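Below you'll find the structure, written out as structure tokens, and then a few comments.
Keep in mind the model is a prediction, meaning the values are calculated, not measured. Just so we're on the same page: letters track the sequence lines, and every chain starts at 1.
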Amino acid sequence: MAEEEFNSDDVVAVPLRHPWRWVFGGVASALLLGFIWSVYSAKSIQHSIVVQFMLDPRILEGMFVTLWVTVVCMFIATVLATILAIMKLSANPLQRWLATGFIEFFRGTPLLLQIVFWGYLGIIFPNLFVGIPFTNIIFFSGQTSQLIPAILAGIIALSLNEAAYSAEIVRAGILAVDSGQVEAAKSLGMSGGYTMRRIVLPQAMRVIIPPMGNEFIGMLKNTSLLQVIAVAELYTQASTISSANLAQIELLIVSGFWYLVMTTVLGFPQRALERKYGRGFAVVGARSEGRAFKVGKR
Amino acid sequence: MTNVMVDARSVRKRYGSNEVLQGISLTVEQGEVLCIIGPSGSGKSTFLRCLNHLESINGGRIIVNGELMGYRQVGNVLHEMKPSEIARQRQSIGMVFQRFNLFPHMTALENVIEAPIGVSKVFAIDAKKLGQDLLAQVGLAEKADHYPAQLSGGQQQRVAIARALAMKPTLMLFDEPTSALDPELVGDVLDVMKGLAKAGMTMIVVTHEMGFAREVADKVVFIDKGQIVEMGTPKQVLDNPKEARTKAFLNKVL
């Protein structure tokens, strides 16, 4: 048999045809165009109102409230979740039970119910005070409705509920860290707290961040539930406007648009965080090899 | 007068009803190298982990550097130590693991200087100098900025040795340091360990490298089923074993 030499790129083949891709693309485009057209041409939707309220000061104010409430709630929830996760992994049974009880309670009841509960706390306990039980010593007291305004009630409700969910995410992240890491840290004389902070949690972050990004987006949308206790966030503002001008659909489009913008923008810091905590790990499916490792300063 | 570094007195360790250490007694003097050999499951790694109290013991006493490990004895009563006290005891005992256990999110240099800065409160600038010196000592000066995943197994293990040395330990424990390595990478790690032994470091090495044991060890101990079967110089134990079990084991591995 003659031995042929292949020393040039001589594979010049006719590419395989994919007719079904074209069919699928055509059908999808037609459906999308049809949907856009139906929205655009619907007589019931007044497009001028959508445009008019898109940058309305009340809408923008509502967006601002939505954003800062989301950030504050996620911050509190993450701190609480880390504490709960560590408690749940503790050798102390009391700590484990407390954490488990907290998580079960706040996962097991509807978020809407919890929000209303905190909002109506003033009806159940008209006065709040800090003192020593069974004595007359009171350090501090006041009316519940003044001490806990609606927005604080909302933040408490969302934070506690989120902490319960996130605790399991953090716990999974901690469990994903190899036990040899803790042994190495111990053998170097590191304390338990130091090991958790410098060795375990930074590695757990890799596993924690993607689902926490999900939680962040969920939180951003769940702030709309605060409408029931009249917190002036985006959805409340939109529905207040629409109850005055009766343009419900238009204002739903306005608020929906801004929710979509905010959740999309939130994806960017998540990717930055993933890169930061992916330090030293080869990333499966990374675009280029140079990306997987970043050598240099933290 | 010799200086006893490790004094293990009839150490017993049980997991449930399974007694993995059935009264191990041995001493290691300062500057000595002790190699522990034995079949897998014999308890040799467990014994090593008891020495720095990664495992608690059920019976006997372990005294390192004149200090009872993990407990305080008041009269006839033993009191458990606080975690912070155990951590302090471990600072003078370096340990190297079979699977390296480097911190993957830190560079080689960061791995080495983490404990000196965070635990011993050495200034960062001094720790960096120390870290670079130690990496040079294990032949990896130019790998300081590499992450563990970018290093070969042998290089990782040498970084792990440098990391343990950074705490300036008086005793080094090696738990099968070359068992997870490709054969051609074993030599570099063993060379580093030989250098340490020559420099006078007190070492306890659990190993399957009989050549290393013969060359470097002052004492070899053969452990089987949680008991010391034979102990002596490498010549006595490896070349002229008296016990049938030792002979059978050596026949299999040599």
Side-chain angles (χ1 to χ4, degrees), chain A residues 86 89-92 95 173-210 272-286 288-298, chain B residues 48-49 51-55 82-120 143-151 159-160 163-169 171-175 180:
Chain A
I86 292 171
L89 294 168
S90 159
N92 179 345
Q95 289 195 13
I174 292 174
L175 288 175
V177 177
D178 182 51
S179 63
Q181 293 290 307
V182 177
E183 285 191 348
K186 274 187 183 172
S187 77
L188 289 164
M190 293 178 187
S191 68
Y194 188 90
T195 304
M196 186 53 77
R197 194 159 44 80
R198 293 284 301 170
I199 309 299
V200 176
L201 283 180
Q203 294 181 56
M205 287 299 260
R206 266 181 70 240
V207 181
I208 292 171
I209 286 170
L273 276 179
E274 279 179 26
R275 265 201 298 281
K276 181 179 171 200
Y277 287 102
R279 222 164 79 91
F281 291 89
V283 180
V284 178
S288 67
E289 260 181 49
R291 273 248 174 130
F293 297 105
K294 270 197 151 177
V295 175
K297 293 229 160 60
R298 251 173 266 197
Chain B
L48 201 68
R49 294 157 56 80
L51 290 179
N52 66 351
H53 208 67
L54 278 182
E55 305 275 357
K82 282 191 250 170
S84 59
E85 293 172 283
I86 297 172
R88 181 189 53 75
Q89 288 189 325
R90 287 187 184 125
Q91 285 170 30
S92 57
I93 306 174
M95 188 164 195
V96 174
F97 300 86
Q98 182 176 359
R99 284 171 51 243
F100 329 136
N101 295 349
L102 287 181
F103 306 132
H105 58 305
M106 299 180 183
T107 63
L109 183 64
E110 287 169 349
N111 263 281
V112 176
I113 65 179
E114 181 65 30
I117 294 175
V119 178
S120 316
K143 300 286 186 189
D145 286 335
H146 285 59
Y147 284 95
Q150 294 167 299
L151 301 172
V159 173
R163 177 177 72 174
L165 291 173
M167 291 299 285
K168 303 205 159 65
L171 168 68
M172 284 285 282
L173 309 176
F174 293 85
D175 187 5

Check your understanding: Is a donor on one side and an acceptor on the other found under 3.5 Å between the side chain of Asn101(B) and the backbone of Gly180(A)?
Key ->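 Answer holds: yes.
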
Tell me, side chain or backbone of [X] under 4.5 Å from chain A's heavy atoms, or both, or neither?
| X | answer |
| --- | --- |
| Phe103(B) | both |
| Arg49(B) | side chain |
| Leu102(B) | backbone |
| Leu54(B) | side chain |
| Arg99(B) | side chain |

Check your understanding: Does any non-hydrogen side-chain atom of Pro104(B) lie less than 4.5 Å from one of Gln181(A)?
Key ->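 A side-chain contact exists here, since the closest heavy-atom pair is under 4.5 Å.
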
Check your understanding: Do His105(B) and Arg206(A) have side-chain heavy atoms sitting under 4.5 Å apart?
Key ->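 Counting from C-beta outward, His105(B) and Arg206(A) never come under 4.5 Å.
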
Practice item. Count the heavy-atom pairs under 4.5 Å between each of Ala166(B), Ser92(B), Ala115(B) and chain A, then report the option with the highest count. Key: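 Max contact count across the listed options: Ala115(B).
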
Check your understanding: Between Pro83(B), Pro169(B), Gly118(B), which residue shows the highest count of heavy-atom pairs closer than 4.5 Å to chain A?
Key ->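 Heavy-atom pair counts peak at Gly118(B).
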
For [X] and [Y], work out which heavy atoms get closest and say how close.
| X | Y | answer |
| --- | --- | --- |
| Leu188(A) | Ala164(B) | CD2-CA, 4.2 Å |
| Ala149(B) | Gly280(A) | CB-O, 3.6 Å |
| Phe97(B) | Ala184(A) | CE1-CA, 3.6 Å |

Exercise for review: Apply salt bridge (Lys or Arg N to Asp or Glu O under 4.0 Å) to Glu85(B) and list each qualifying residue two or more places apart in sequence or on a separate chain.
Suggested key: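 Partners of Glu85(B) by the salt bridge (Lys or Arg N to Asp or Glu O under 4.0 Å) criterion, ordered by chain and then number, come out as Arg72(B).
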
Review point. Roughly how far, to the nearest 0.5 Å, is NZ of Lys186(A) from CE of Met95(B)?
Key: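 So the gap between those two atoms works out to 11.5 Å.
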
Practice item. Please round to the nearest 0.5 Å and tell me the distance separating atom CE of Met167(B) and atom OG of Ser187(A). Key: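 Between Met167(B) CE and Ser187(A) OG, I get 9.5 Å after rounding to 0.5 Å.
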
